[in-house]
Amino acid sequence: MPSEHPLRMGVLGAFTTALYASCALAATDDFDMLKYVDPLIGTANGGHVFAGATLPFGMAKAVADTSGENQAGFAYDTKVVTGFSHMHDSGTGGSPSMGNFPIFPQPNCPGDDIRQCKWQQADRAVAWNRESPEARPGYFGISLANGVYAEMTTTNRSALYRFKFNNTSSQPLSPVILVDLMDLPQSRRNGTAHVDRSTGRLSGSGTFSPSFGIGSYNSYFCVDFKGAELRDTGSWSSNGVNFSKPSLSLGANSSSTVSAGTFARFRSPKDDTILARVGVSFISADQACSNAEREQPEFDFEGTVSAAEAAWRKKLGVISIDAQGVSSELQEVFWSGAYRSLISPQDYTGENPLWKSDEPYYDSYYCIWDSFRSIHPLLTLVDPLSQSLMMRSLIDIYRHEGYLPDCRMSLCKGFTQGGSNADVLVADAYLKKVEGIDWDTAYQAVVKDAEVEPANWDVEGRGGLHSWKHLGYIPFQDIDPYGRGTHTRSISRTVEYAYNDFCIAEMAKGMGHHADYEKYTMRAGNWIHVFKHDQKSSIKGVDTGFTGFLQPRYPNGTWAYQDPIFCSPLLNFTSCYLNPDGHETYEGSAWMYTFYAPHDMGSLIKTLGGAESFTSRLRYLHDSGLLYIGDEQAFLPVYQYHYAGRPGLSAYQSHSYIPSQFNATVAGIAGNDDSGAMGSFVVLSMMGLWPVPGQDVYLITPPYFKEVSIRNPVTNKVATIRNVNFDPSYKSIYIQSAKWNDKPWTNNWLTHDFFAEGGVLELELGPKESDWGTHIEDLPPSISKYE
Ligand SMILES: *[C@@H]1O[C@H](CO)[C@@H](O)[C@H](O)[C@H]1NC(C)=O
Ligand SMILES: *[C@@H]1O[C@H](CO)[C@@H](O)[C@H](O)[C@H]1NC(C)=O
Ligand SMILES: *[C@@H]1O[C@H](CO)[C@@H](O)[C@H](O)[C@H]1NC(C)=O
Ligand SMILES: *[C@@H]1O[C@H](CO)[C@@H](O)[C@H](O)[C@H]1NC(C)=O
Ligand SMILES: *[C@@H]1O[C@H](CO)[C@@H](O)[C@H](O)[C@H]1NC(C)=O
Ligand SMILES: *[C@@H]1O[C@H](CO)[C@@H](O)[C@H](O)[C@H]1NC(C)=O
Ligand SMILES: *[C@@H]1O[C@H](CO)[C@@H](O)[C@H](O)[C@H]1NC(C)=O
Ligand SMILES: *[C@@H]1O[C@H](CO)[C@@H](O)[C@H](O)[C@H]1NC(C)=O
Ligand SMILES: *[C@@H]1O[C@H](CO)[C@@H](O)[C@H](O)[C@H]1NC(C)=O
């Protein structure tokens, strides 16, 4: 097996210089990982990361909303702030999410004339000071050109804003704070607002559309103030300001892009500061008020920040690293990635108006197509209790809506991108023995995905099930009278459905459903039906040298054609989205999807010409520019060398992307973070155990630290992965030998027992590949044998 140095020099050099040798911070008692969390990472360049204040999985997420690519409210590559709003999603594509009912402060109105204040969103937009944004867990602050310094923090269901006004004008301060019945995607269908003349309380409601789904949702707010004497109140709309009208109702007759709302005006505050507390709810304005009163009785800003920091330290404190020799930048990439993995899904328990249930209700599974690959496998390790609550919530969604979602946000069904990948999540939790789950109902739910086509398979389940069962693939131009959906992605849906069926087979096996086990194992082999053995591929007229790629196929078995590199970064990169003309692979090329048979790697490697040929093809995928690491299907191919007996190349490949594509700058994520998918990718990669989602398999590579430990917060068992001969310049990244609890370990993978029972995995490193983990008996499981 391989012993020659596998790296092409020049490629490696570019990735590793300048990244070591700075900081020598070992884990000590006064270590505070929060210093290494920078929520501004990924707020530029389309990362769409939520930069504001939130608790882990909190419903309230407060931040400044900017004009521009504002999917999560604030983006660094913008210039103006239009308001401060209280609920967001993080890292998502699609339209901007939520951002309902922004409030906006002004120090006074010119000439003390209320009509001279700014009201409509475009008029009031104010520049933010480039140097000012300060973001840390539980806190966000920013200063505006109108003399307002705005800070914010949150509890689970309320936001607390502290507005400090600079007395720069020649007239006394008399701050005005308005609320706008607006949301970020400007999707409002109707809304109401009311101001209490005696207290200045602003409350109201609105009906809005989800950012990547169907239907609508109702949302409610309640704003109370502290710190200044109330001067007067009123409502405002495009018709102007009205002091004598405390209520406002907007119907279908008002355009969703037009701002309107209520306001409160104050006399000059002592300390120049006003606190605004905003309760949020999906049930009623009363519940929005009581959420805020319960969680935030004292308007205690510093206390709320401290409580949020404590919650974050507790969540992140289950991980410890020995960072000796590792740059502070890489530590920031690691801790910030872990932080971003714990922002969503959001806990809306008690806030679900759709059905009554004693089960938890989480929302913003945005989207499972993204999150099943890294977010949930990481949560299973660091927060198994939340993972259990999320799984229960998914199963309760199945109970009440008939299907598991593939994507869900704002109480609405989101769009399905590929397979029914909640099946993978459920199997993953089952195999890793996540506790407290009704497995019989969970099994019913995944079998329904596999057997019963929904009326609208754009938002749940699978399409083309008749063809799937009878032809064994999803045909190009399928004829499907059984349900309605977007007839694209026949290649990527085929390989995803095959893997989904494998995951069901694993559960069937464990639960003793023998006939199902055989049936779904058979269907798991369907990926081969869209593999065209003689298909060639060239780039700009030059043959890539590899033969055999996935291709679209008509219902009658005849092959259709899609250039194998189509929708890679090298050809029509953006032509495979979720549009009616979105083509046969989703957000990636047939070249890439050809590698997607995570359960059947023995057969895939044989099909692609054996281990050596597979390895050079995988190298080509990464080196040629065909793969885009900013989309989640690219994660597994980083580690698939393991299956060809080249675990060292997986380690090499991981270092080729981290930190060059994942760094601590505001533009430091290659694509949308997708609720923390990119964040969890770096964390798992840097911990050195890549979970193959939906299987009890972790592929072993060396951690990026001398040592990493995870303490299971339920059992307190500690699993430690330790490098011997650790080299922070990352030249020695090749495992020479391994020991699991002092016994030699030759498999290049291990199982969840390692985390469940605790223990030590010790990896001895060297500068060259060794024969560790390279033999057929060392390879991860596959339903078909390796040859
Ligand atoms: C407030 O005024 C001071 C002094 O003029 C200035 O340094 C500071 O940046 C101002 N702050 C804001 C939020 O405008
Ligand atoms: C916030 O909600 C979580 C559950 O999602 C709960 O564990 C936590 O205690 C709550 N935090 C506060 C401060 O109430
Ligand atoms: C702000 O400045 C004006 C004019 O200088 C003054 O009248 C007013 O009292 C000041 N307000 C505060 C709160 O200092
Ligand atoms: C707003 O529209 C929704 C959905 O059409 C409806 O259920 C709700 O009653 C409406 N609210 C108001 C205040 O008109
Ligand atoms: C203000 O509202 C009151 C009460 O709804 C209404 O009678 C009055 O005409 C309004 N004034 C203006 C200027 O719109
Ligand atoms: C617009 O609709 C709202 C709510 O249905 C209603 O109260 C209001 O009178 C309507 N305004 C106009 C100008 O029709
Ligand atoms: C299969 O169907 C396609 C598309 O309708 C057609 O072009 C092709 O000729 C058919 N092949 C055979 C063998 O009938
Ligand atoms: C591929 O991209 C080119 C140029 O960007 C465009 O003109 C063409 O229509 C695209 N082709 C397809 C099939 O989407
Ligand atoms: C940081 O990551 C971004 C996104 O992947 C990349 O474009 C950029 O080149 C990286 N910057 C550095 C200094 O490595």
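Every number for a ligand or one of its atoms is a count from 1 in the order of the listing. Residue numbers count from 1 along this sequence. Computation of the quantities below employed the complete heavy-atom set of this structure, encompassing side-chain atoms and omitting hydrogens, waters and symmetry-equivalent molecules.
The nearest protein atom to atom 3 (C) of ligand 7, hydrogens excluded, is given as Asn556 ND2, 3.7 Å; this is a heavy-atom distance. Among all protein heavy atoms, the one lying closest to atom 13 (C) of ligand 7 is Thr558 OG1, 3.6 Å.
For the residue pair Asp196 / Ser198, a side-chain donor-acceptor distance below 3.5 Å is found, with atom types taken as modelled.
Atom numbering of ligand 7 starts at 1 in the shown order; those under 4.0 Å from a heavy atom of Tyr554 are 3 (C), 4 (C). Per-residue contacts place Asn190 under 4.0 angstrom from the following atoms of ligand 4 (heavy atoms of the residue considered): 1 (C), 2 (O), 3 (C), 8 (C), 10 (C), 11 (N), 12 (C), 14 (O). Of all the atoms in ligand 8, the ones that sit under 4.0 Å from a non-hydrogen atom of Ser575 are 14 (O).
By the 30° and 60° cut-offs, the orientation of the rings of His583 relative to Phe566 is perpendicular. Using cut-offs of 30° and 60° on the angle between ring planes, the pair His533 and Phe531 is perpendicular.
If you run side-chain hydrogen bond (donor to acceptor under 3.5 Å, both in side chains) between Gln633 and each of Tyr596, Tyr628, Tyr593, Trp369, only Tyr593 comes through.
The protein does not reach atom 9 (O) of ligand 7 closely, with no heavy atom under 4.0 angstrom from it.
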> Do Lys536 and Asp534 pass the salt bridge (charged side-chain N to carboxylate O under 4.0 Å, His left out) test, and can you show the C-alpha distance, the side-chain angles, and the key distance before you say yes or no?
Replying inline: CA-CA 6 Å; Lys536 301 224 175 242; Asp534 59 355; over 6 Å; no

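Looking at Asn572, Thr574, Leu571 and measuring to atom 6 (C) of ligand 8, the nearest heavy atom belongs to Asn572.
More than 12 heavy atoms of other residues, nucleotides or ligands lie within 6.0 Å of CZ in Arg197, so this atom counts as buried by the packing criterion.
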